[in-house]
Amino acid sequence: RGNRVADPFPETGKAVETSLGELLLNTEQRLDSFYDLATGGWGGKTKSPLPAAVSYALRRSHSSGDPEWLERAVKTQNRIRDLIDPVWGGVAAATESGDNPDDWTKGVANEKKTALQAGVLANFAELYHHTGDRRWRQDAERIYSFLNQFLRSPSGAYYASQDGEPARSITASPATVRNDYYLMQDTDRRAHGLPAVDKTVFADINARLISALVSLHEATGDDQYLQQAEITATYLVTHHLLPDGWYAQTTQDPPPRYGERSAERLRQLPGRQKLYLRTQALTGQALLALFRATSNPTWLRRAQRLGEATISYLYDLDDGGFYATPLMPIKLGERSANYKPFIDNALMADFLIDLGRQLSDRRFTELAETSLRVISHNPVLQYQGYQLGEYLLTLDKLVHPPVDIRIVTTSLDQQTAELHRAALAAYEPTKVIRIERPGNRQDLGKPAIYACAGERCSDPITSPTALPEELKRLRAELKSE
């Protein structure tokens, strides 16, 4: 994870007063120092996919117009392609040849973690959305195919991971199978046995995948990805949503039979469900992604209920920021620690910013800003090494205005649907899409889009085909400021 200080829980303390712009610039420089110019990616010889860092590079390129950041994202993802199983698809967890500028296939850790599949799938979807290069779409589709073939549960949720080695071996040398297994074709692999699957359904992992599938739907216009995202979300609502509005982390699908051993699980389920910050943050993001893609207010209501419940249970009213669970403080020997996890707070702040924008409620944005400031102390940032992508993505939302796309209409008719689909299809990573009735905006007697960023707004847009150019013009004006 890069250079790290020894303290396992650096103090978060009070909210820092440094300007958000300065925090953004300093953290960009910190992350940039870890970028490997020779080979791509962040870190040294051992590298794993870092989806949030790639996503931030793409946003940085789009916002600034500097091609360097797009080039870095492309270079990194070209090497990540080395980690995709050429037979089944699916991205390996890590490589020990990350210092090789031409090939990362040596020393690969072949476990396929669903959370990582979701992040890399989202990166490929965004690259396709940004560039139109079909190879990125094909890579995303390979990952999606792997997930559906090996990790999709009967009810449409996704299991946690596939192990890196076959579960059994018919040869005298398991090491030979382990080393040669991924050189085999499908039939030979199956003859040696399939790798074990951890059949736990984690809410946070499935939420990541929901958001990724919505991104792939937006990039491609293919409704199958949105349909699967809704199926998975329905599973979470049915099996993970608890009465107070927050989501339990784990279930099994199908549930184990009475007396069944945990042979099909790589890790034990917890004895009881707890409220975890990361689960709520990622689930909230997924619910808002579905609302953006469908305009179904049910998803927004669920997101708001989740946000309110998490604030009620986990937000520190004295100093700001969110605790990891309601069980704080925890004891570390003689020391008591009020642990406010860095990445989880960044994710929660990201969710709250988006929730506040959808609801036009500054309270959520203010809580998000305070939470980011609480985790912005130098020792905390130093401890993270190069795990700064989520923080930067959220901080950037506070520093730079979004592109606000409002579809003003009196009815949800075919014209409105076409404008909404055009808004989804347009590549603009900061966009906030809302459908609203006339009032704040002029009623033209037909559906129209008003696109704004800060004080700048487009003229009314009534043709779906005109939106991409208007957004490009608006983005160009923002770059010139």
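Just so you know, these numbers use all the heavy atoms, side chains as well, and skip hydrogens, waters and symmetry mates. Here, residue 1 is the first one in the sequence, and each next residue gets the next number.
- The closest side-chain donor-acceptor pair between Q249 and T279 falls under 3.5 angstrom.
- Side-chain atoms of Y225 and E218 form no donor-acceptor pair, as typed in the model, at a separation below 3.5 Å.
- No hydrogens or angles considered: a donor-acceptor pair under 3.5 Å links the side chains of T416 and T409.
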**OP:** Report the C-alpha separation of S376 and R373 in whole Å, then their side-chain angles, then the decisive distance to 0.1 Å, and conclude whether the side chain to side chain donor-acceptor pair (under 3.5 Å) test is met.
**Re:** CA-CA 5 Å; S376 293; R373 289 184 176 279; over 6 Å; no

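- Y313 and D244 are linked by a side-chain donor-acceptor pair at a separation below 3.5 angstrom, with hydrogens and angles left out of the test.
- A salt bridge links D32 with R60: the closest approach of a Lys/Arg side-chain nitrogen to an acidic carboxylate oxygen falls below 4.0 angstrom.
- Between the side chains of Q285 and D350, at least one donor N or O sits under 3.5 Å from an acceptor N or O.
- Remark: the backbone N or O of S295 is not paired with any side-chain donor or acceptor of W299 at under 3.5 angstrom.
- For the pair A157 and V201, the tightest heavy-atom approach, listed with the atom from each and the gap, is CB-CG1, 3.8 Å.
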Subject >> Stepwise side-chain contact (heavy atoms from CB on, under 4.5 Å) test for D396 and Y391 >> reply: CA-CA 8 Å; D396 184 79; Y391 174 82; over 6 Å; no

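- Counting heavy atoms of neighbouring residues, nucleotides and ligands inside a 6.0 Å radius, atom CD of E17 does not exceed 12 of them.
- The pair R59-E126 fails the salt-bridge criterion, with no side-chain N (NZ, NE, NH1 or NH2) lying under 4.0 Å from an Asp/Glu carboxylate O.
- Contact detail for D198 and Y159: the closest heavy-atom pair is O-CB, 3.2 Å.
- Under 3.5 Å, the side chains of N100 and S97 contain no donor-acceptor pair of N or O atoms.
- Ion pairing of E366 with R363 is absent here, as no side-chain N (NZ or NE/NH1/NH2) approaches a carboxylate O to less than 4.0 Å.
- For S33 (side chain) and R30 (main-chain N/O), a donor-acceptor pair under 3.5 Å exists by modelled atom type.
- Two rings, from Y339 and Y323, have their centers 6.0 Å or more apart.
- F124 and W136 have their aromatic ring centers within a separation under 6.0 angstrom.
- Centroid-to-centroid, the aromatic rings of H240 and Y247 stay 6.0 Å apart or farther.
- Between R434 and D404 there is a salt bridge, since a side-chain N of the basic residue sits under 4.0 Å from a carboxylate O of the acidic one.
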Name each donor-acceptor pair under 3.5 Å that joins a side chain in residues 208-217 to protein atoms two or more places apart or in another chain, with its distance.
| unit_1 | atom_1 | unit_2 | atom_2 | d |
| --- | --- | --- | --- | --- |
| S211 | OG | A207 | O | 3.4 |
| S215 | OG | S211 | O | 3.2 |
| H217 | ND1 | D222 | O | 3.1 |

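- Salt bridge absent: E96 and K45 never bring a charged side-chain N and a carboxylate O closer than 4.0 Å.
- In this model, no donor atom of one side chain and acceptor atom of the other lie less than 3.5 Å apart for E369 and T365.
- For the pair K75 and E71, the salt-bridge criterion is not met [side-chain N within less than 4.0 Å of a carboxylate O].
- With T95 contributing its side chain and T105 its backbone, the two residues share no donor-acceptor pair below 3.5 Å.
- Using a cutoff of 4.0 Å between basic side-chain nitrogens and carboxylate oxygens, E141 and R137 are scored as salt-bridged.
- A salt bridge is absent between R292 and D354: the closest approach of a Lys/Arg side-chain nitrogen to an acidic carboxylate oxygen does not fall below 4.0 angstrom.
- For S312, there are no side chain to side chain contact (heavy atoms under 4.5 Å, CB included) partners, not counting sequence neighbours.
- Using a cutoff of 4.0 Å between basic side-chain nitrogens and carboxylate oxygens, D204 and R278 are not scored as salt-bridged.
- Taking a cutoff of 4.0 Å between a charged side-chain nitrogen and a carboxylate oxygen, E308 and R305 do not qualify as a salt bridge.
- With hydrogens and angles ignored, the 3.5 Å screen pairs no side-chain donor or acceptor of R357 with any backbone N or O of V432.
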